[in-house]
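Side chains are part of it too, since the values below use all heavy atoms of this structure and drop only hydrogens, waters and symmetry mates. Every value quoted in this text rests on a predicted model; they were computed, and no experiment measured them.
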Amino acid sequence: MTSQTHLSANWPILNFPELQPTLETLHQWIQIVGKIRLRTMPWQNHSWHTALYVSPMGFTTGSIPHNGRIFQIDMDFRTHNLEITCSQKGSASMGLYPRTVADFHKELFEKLRSLGIEVTIHGSPNEMDPAIPFAENTVNKNYDESQATALWLAMLKSNEVFQQFRSDFIGKASPVHLFWGAFDLAVTRFSGRDAPVHPGGMPNMPLDVMQEAYSHEVSSAGFWPGSADFPYPAYYAYAYPTHPDFGKQRVSPQQAFYSEEMGEFFLKYEDVQCAEDPEGMLFSFLHSTYEAAANTSNWDRKHLERSYTK
């Protein structure tokens with residue numbers, strides 16, 4: 001077995017043109033699942049209660065306490081089923097296969113009602129334009145099992161490195177979250193200082209939600225599977241507020257680059273996937289971009305990092 005074959009087996013190849021149809025359908029589906037969690041969980045700071053998580057099978061809501069019981073929704077990309085488990089009434093399942101968003105939406109709420117779970121969500125997607133109501137969306141209906149599995153495996157591998165990166169920070173830090181708005185896996189560190197009021201600007205995203213999410217100074221990084229406008233799965237890193245010198249900092253690896261338009265550093269997933277040491281390359285990107293944010297914004301690193309060395 002060649003080294004490249006071995007690496008590809010561990011860090012799956014993501015070819016955006018092949019992934020895109022499935023990605024666009026999955027994005028709609030996880031928005032529906034995420035909105036169910038949003039409506040049934042108590043509010044947490046920075047909308048952390050809304051996020052999904054990478055699981056051993058796929059994506060999960062984790063346990064949701066609701067009306068004296070607990071339920072959980074899991075999207076399983078090994079068996080290609082969605083499973084709803086409830087502490088009082090057992091479970092229900094439905095298939096993940098080529099089907100419209102409208103059909104997925106209809107069956108999911110039927111399954112929830114069969115378990116006595118009554119939930120009402122805002123019926124249109126966020127952070128998308130156009131925002132076709134879920135119940136009317138017959139446009140997105142593609143689902144390729146191999147592409148869905150590859151995306152999950154890429155998230156799974158990224159999640160492991162993100163968890164390791166998070167462990168050395170003893171200040172306030174987010175869990176590793178799968179945010180369904182932009183469909184990105186993210187981890188965020190906080191300096192402990194207040195931030196300027198965020199101007200907003202995300203499509204179909206309430207201004208007050210954006211402002212609360214960025215109420216404090218952050219250095220954030222994540223994995224994003226790409227879009228029609230940026231057809232490359234990639235890792236990103238940004239700071240808010242952004243110091244004028246942030247984008248001028250030298251970061252690693254050498255394949256990383258700064259986008260003046262986006263105000264973020266990027267590293268293409270393909271560069272990580274093909275690397276001799278993918279985990280090491282990704283960790284160096286996370287650490288060096290954090291240092292770019294912390295140093296230019298004068299964070300108190302001595303009291304925020306477990307192993308800080310000047």
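Heavy atoms of other residues, nucleotides or ligands lying less than 6.0 angstrom from CD of Gln164 number 12 at most.
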ask   = Would Phe246 and Tyr238 satisfy ring-ring contact (aromatic ring centres under 6.0 Å, His included), going step by step from the backbone distance to the final call?
value = CA-CA 9 Å; Phe246 174 63; Tyr238 65 88; 8.6 Å; no

Using the ring-ring contact (aromatic ring centres under 6.0 Å, His included) rule, take Phe162 and His177 through it: C-alpha gap first, then chi angles, then the decisive distance, then the call.
CA-CA 10 Å; Phe162 287 6; His177 281 143; over 10 Å; no

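Sorted by first then second residue, the ring-ring contact (aromatic ring centres under 6.0 Å, His included) pairs that include residues 107-136, not counting sequence neighbours, are His105-Phe109.
For the pair Asn137 (side chain) and Asn140 (backbone), a donor-acceptor distance under 3.5 Å is present. A side-chain donor-acceptor contact under 3.5 Å links Lys35 to the backbone of Ser124. Using a distance-only test at 3.5 Å, with no hydrogens or angles considered, no donor-acceptor pair links the side chain of Trp152 to the main chain of Asp76. In this structure, Trp224 contributes its side chain and Ala182 its backbone to a donor-acceptor pair below 3.5 Å. Gln72 contributes a side-chain N or O that, together with a main-chain N or O of Ser63, makes up a donor-acceptor pair within less than 3.5 Å.
None of Tyr235, Tyr236, Phe266, Phe165 except one satisfies the ring-ring contact (aromatic ring centres under 6.0 Å, His included) rule with Phe223; the exception is Tyr235. Paired with Phe59 under the rule ring-ring contact (aromatic ring centres under 6.0 Å, His included), one option of Phe77, Trp29, Tyr53 passes, and it is Phe77. Partner of Leu52 under the side-chain contact (heavy atoms from CB on, under 4.5 Å) criterion, out of Ile73, Thr61, Thr60, Asp74: Thr61 alone.
Phe183 pairs by the ring pair (Phe, Tyr, Trp, His ring centres under 6.0 Å) definition with His27, not counting sequence neighbours. Remark: Ala173 pairs with Arg166, Phe169 by the side-chain contact (heavy atoms from CB on, under 4.5 Å) rule, at least two apart or across chains.
A salt bridge is absent between Asp271 and Lys268; no separation between the charged side-chain nitrogens and carboxylate oxygens falls under 4.0 Å.
By the 30° and 60° cut-offs, the orientation of the rings of Phe230 relative to Tyr232 is perpendicular.
In this structure the side chain of Arg301 reaches within 4.5 angstrom of the side chain of Glu291, judged on heavy atoms.
Annotation: Tyr258 is in aromatic contact with Phe265 [ring centroid separation under 6.0 Å]. When ring centroids are compared, His216 and Tyr240 stay outside the 6.0 Å threshold.
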